[in-house]
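These notes are about the structure you will find just below.
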Amino acid sequence: MREYYPLLVVGALVGVITVCLVVAFACMKNKKEAFGFDRQMKDSELFRRLLRYARPYRKNFVAVAFFLLMAIAYDVIAPVLVGRVEELVKGEFELHRLFTLVALYGAVLVVSLICTYRQAILLQRTGQKILTSIREDLFAHIESLSHDQLSKQPVGKLVTREANDTNAVSVLFTNLLPGLAKNACVIVGVFAAMLCLNLELTLMVLCFVPFIVLFTVIFRKFSRRAHRRVKDGTTDINTYLSENLSGMKITQMFCREERKMREFAEKNKRLGRAKHEQIFVFSVFRPIVYMLYIASVLCLFYLGGKGCIGGTRFLGQTLSAGTVVTFYMYLSKFFNPIQDLAEQFHRLQSAFASAEKIFTIFDIEPEVVDAPDAVELETCRGEIEFRDVWFAYVPGEWVLRGVSFRVEPGQTVAFVGATGAGKSTILSLICRNYDIQKGQILIDGIDVRKIKLASLRRRFGQMLQDVFLFSGTIRSNITLGNPEIGDDEVIAACRYVNADSFIDPAQGGLDEVVRERGNNFSAGQRQLLSFARTVVHKPDVMILDEATANIDTETELLIQDSLEKMMNIGTVLIVAHRLSTIRNADRILLLSHGEIVEAGTHQELLALHGQYYRLYTLQYAKEQLRKA
C-alpha cells in the first residue's frame, strides 16, 4: 500500500484545490445579481450572429482547416519519432536509422512551419475583411438612428463600439477560433496517440481530465464577469473623455480642473480594479492547470519508472524507456494546449463581451424609417401644411398641442416665441428628424411619412444655430464630399452669401484648413460657411433655426444681407429671436406653450397689440439702448 502513497498525496492536493474552487463558485452563484452577471445574449446566439459575417469566406476557412491539420501533424508525430530515437540509442544502434528518423523529424517540422505561416497569412486577410464588414455595417446602422436615439447614446460609447469592440471581435476570427480549433485537434490527436501507445498511462492521464473540465467551467464564470467589468469601465472612461475634452474650455473658464481630475481618477481607479480582477482570475486558473500538468508528470515518472525498472506489464503492454519519453512529450503536448485554451478562453470572453455590446447597438431598431409604400419626392414646390399636430419628446409631456398652419410655395414664414415654445421642434418634424404622435404633416400634399427619408431631406436645406464644421478644408465642408459640385459652384455660393469676404487666397482659399469643429473661424464665419454649404446643394426649402444668434458684430451685416438673398431662393422657414430680422416675412407665427396664439404679417401683429407687439417693443428698446 505504501507504494501508492505518492499518488494519494497528489490526489489529495488536487481534491483540496477542487473543493476550494467549487465553494468559491457556489458563493459567486448565490450573489449573481450583486456581481453584475447580467448577460442578455447566450454564447450560441452571439456565435450564430458573428458567423453571418464569416460565411462569405467559408472557402478561406476550409483552406485554413487544411493547413491547421497539416500543422498539428508535428505535435502528434514528433514525440513518436523522439521515442524511436530513444529506443534506438538504448538498443541496437544503427546510424542510417538515426539519420532517417532525424530527416523525417525535420521534414515534419518544415511542413508544419510552412502550413502555420500560410494559415496565419490567410486568417489575417480574412479577419480584416470581416472587421471591415462589421465596422461598415455598424456605422451605417448608427447613421440610420433617429435624432432622439442618437441623443440617448453617449458619443464615447459609440466610438468604443466602433473602434475597440470591433477589434476584439476581429481577434476572434484571426486568432481565437483557429487557436481553439488547433488546440482541440492537438488534444484529440495526442490522446488518440497515447491510447494506442499505452493504455495504463493513458488512463492515468484521463484521471486529470474531469478536474480540467471542472476548473474550466468555474474559470469561465469568473472570467466573464471580470471582462464585462473591464468593458463597462473602458466605455465609461471613453464617454467621460469624449464629453470633457470637448468641453475643456468651460472647465478651464470656471476653474474646475481639480474636480474633473478627481472624477476622472475615480473612473480610472474603477477600471484599474476591474483589470486587476481580470488579471487575478487568469493568474489563478493557469497555475492550477499547470499544477495538474506537473502532477501528471510526477505520476508518469512514478508509474513509468516503477514499471520500466520492474518490467511491469499491464493489459499485455510493457513500459519501456522509449514509452516513458514519448509519453512525457505527449503530456506536454496535451497540457500545453489546455493552458493555451485557458488564455484563449480568457480572450474569448473579451471577444464575446465586445460582440454583445456591438449587437446591442445593432438591436436598436431605428424609430424613423421609410414606410413600405414610401415614394420619391422628385420635385418640391415648397407647400407645407400642419394638420392638428401633437408631439412629445417624453410621453405625456406635449411640446406641440394641435398645431395647424399652411405655408404656400415661395413664402417666407417665421416662427417666434419664448424658449421651449416649440419653434425648433416644428422645423425638426418637417424633415422627419422625429415622428409625430398625432396629426399629419404634408409636403406638396403628401404625408411626410409616405416620402422616402433621403428624398425628403434632400429637398431641404437646414441651417442651425450650432454650426458644425468637420476637420478638413473649406471646400470639403461646403461640398460634404459631393464630387458633382465643382469649385466654380462653391465659389459662387460663397460670394452669394458673403462668405468670400474671409476666404483668403493667401491662406489656401478653398483649401484653407478647417480644424476640429471649425474652431479657427469665428461664430459668424462658421455661420456663413453653413449658408454656403446649404446654397450649393440647391434645396427647394430653406430652414434657418436661430441662424442669426451668437454672431459677432463684424459679420452681422453680412449675415443679414445673406439672409435677404436666401429668402428669394424659394420657401423659407425661419426661427428667430431677433424680430428685426423677420420684418419682411410673408407670415409670422407666434407660439406659446406648444400652440399658435398669433399669426399674421409684421404690421398686422403689431396692430394687434398682443404678445408679438410686447416682444417687439421690448427688443426695440434694448437695441436703442445698445446703440446709445
Could you tabulate the donor-acceptor pairs under 3.5 Å formed by side-chain atoms of residues 167-178, not counting sequence neighbours?
| from | atom 1 | to | atom 2 | distance (Å) |
| --- | --- | --- | --- | --- |
| N167 | OD1 | R135 | NH2 | 3.3 |
| N167 | ND2 | A163 | O | 3.4 |
| T174 | OG1 | S170 | O | 3.1 |

Donor-acceptor pair, side chain of [X] and main chain of [Y], under 3.5 angstrom:
X: H537; Y: G461; answer: no
X: K157; Y: N238; answer: no
X: Q149; Y: E365; answer: yes
X: T126; Y: L123; answer: no
X: Q437; Y: A392; answer: yes
X: N498; Y: L528; answer: no

Compare all side-chain heavy atoms of [X] with those of [Y] and state whether any distance is below 4.5 angstrom.
X: I503; Y: I474; answer: yes
X: L427; Y: Q462; answer: no
X: T235; Y: N164; answer: no
X: H602; Y: Y612; answer: yes
X: I237; Y: F264; answer: yes
X: L138; Y: F362; answer: yes
X: E489; Y: I478; answer: no
X: R125; Y: I121; answer: yes

Pairing residues for E243 by the salt bridge (Lys or Arg N to Asp or Glu O under 4.0 Å) criterion, not counting sequence neighbours: none
Who pairs with D500 by salt bridge (Lys or Arg N to Asp or Glu O under 4.0 Å), at least two apart in sequence or on another chain? none
Value rounded to 0.5 Å, distance of [atom1] in [X] from [atom2] in [Y]:
X: K452; Y: E376; atom1: NZ; atom2: CD; value: 4.5 Å
X: R49; Y: L51; atom1: CZ; atom2: CG; value: 13.0 Å
X: N60; Y: L122; atom1: CG; atom2: CG; value: 4.5 Å
X: S146; Y: D435; atom1: OG; atom2: CG; value: 8.5 Å
X: I361; Y: D137; atom1: CD1; atom2: CG; value: 14.0 Å
X: I142; Y: R161; atom1: CD1; atom2: CZ; value: 10.0 Å

If you look at every heavy atom in [X] and [Y], which pair is closest and at what distance?
X: R406; Y: E408; answer: NE-OE2, 2.8 Å
X: N477; Y: L480; answer: O-CD2, 3.6 Å
X: R449; Y: G439; answer: NH2-O, 3.1 Å
X: C380; Y: I443; answer: SG-CG2, 3.9 Å
X: S530; Y: M463; answer: O-CG, 4.0 Å
X: T251; Y: K260; answer: CG2-CG, 3.7 Å

Neighbour count above 12 (heavy atom, 6.0 Å) for K267 NZ: yes
Taking everything shown except F47 itself, do over 12 heavy atoms lie less than 6.0 Å from its CZ? no
Going by distance alone, is a donor N or O of one side chain under 3.5 Å from an acceptor N or O of the other, for Y393 and T425? yes
Where do R526 and L529 land on the side-chain contact (heavy atoms from CB on, under 4.5 Å) test, with the steps shown first? CA-CA 5 Å; R526 292 196 296 270; L529 288 177; 5.6 Å; no
Does F405 have any side chain to side chain contact (heavy atoms under 4.5 Å, CB included) partners at least two apart in sequence or in another chain, and if so, which? F386, V403, V407, F415, I426, R587, L589, I596
Would you please name every residue forming a side chain to side chain contact (heavy atoms under 4.5 Å, CB included) with S133, sequence neighbours left out? Y53, Y57
Is any NZ, NE, NH1 or NH2 atom of the basic residue among K438 and D388 found under 4.0 Å from an Asp or Glu carboxylate oxygen of the other? no
Salt bridge between K357 and D232, side-chain N to carboxylate O under 4.0 Å? yes
Passing candidate, side-chain contact (heavy atoms from CB on, under 4.5 Å) with Y434, options V399, V368, L429: L429
Name the residue from I574, L590, L591, V575 that meets the side-chain contact (heavy atoms from CB on, under 4.5 Å) definition with V416. L590
Using side-chain contact (heavy atoms from CB on, under 4.5 Å), reason through E512 and F502 one step at a time and then give a plain yes or no. CA-CA 11 Å; E512 182 177 350; F502 61 88; over 6 Å; no
Worked verdict on F521 versus V467 for side-chain contact (heavy atoms from CB on, under 4.5 Å): CA-CA 11 Å; F521 293 91; V467 177; over 6 Å; no
Please lay out, stage by stage, how V413 and I384 fare under the test side-chain contact (heavy atoms from CB on, under 4.5 Å). CA-CA 11 Å; V413 176; I384 303 170; over 6 Å; no
Contacts of H593 that satisfy ring-ring contact (aromatic ring centres under 6.0 Å, His included) - sequence neighbours left out: none
Between F468 and F470, how do the two ring planes meet: parallel, tilted or perpendicular, split at 30° and 60°? perpendicular
D540 and its salt bridge (charged side-chain N to carboxylate O under 4.0 Å, His left out) partner, picked from R381, R458, R457, R459: R459
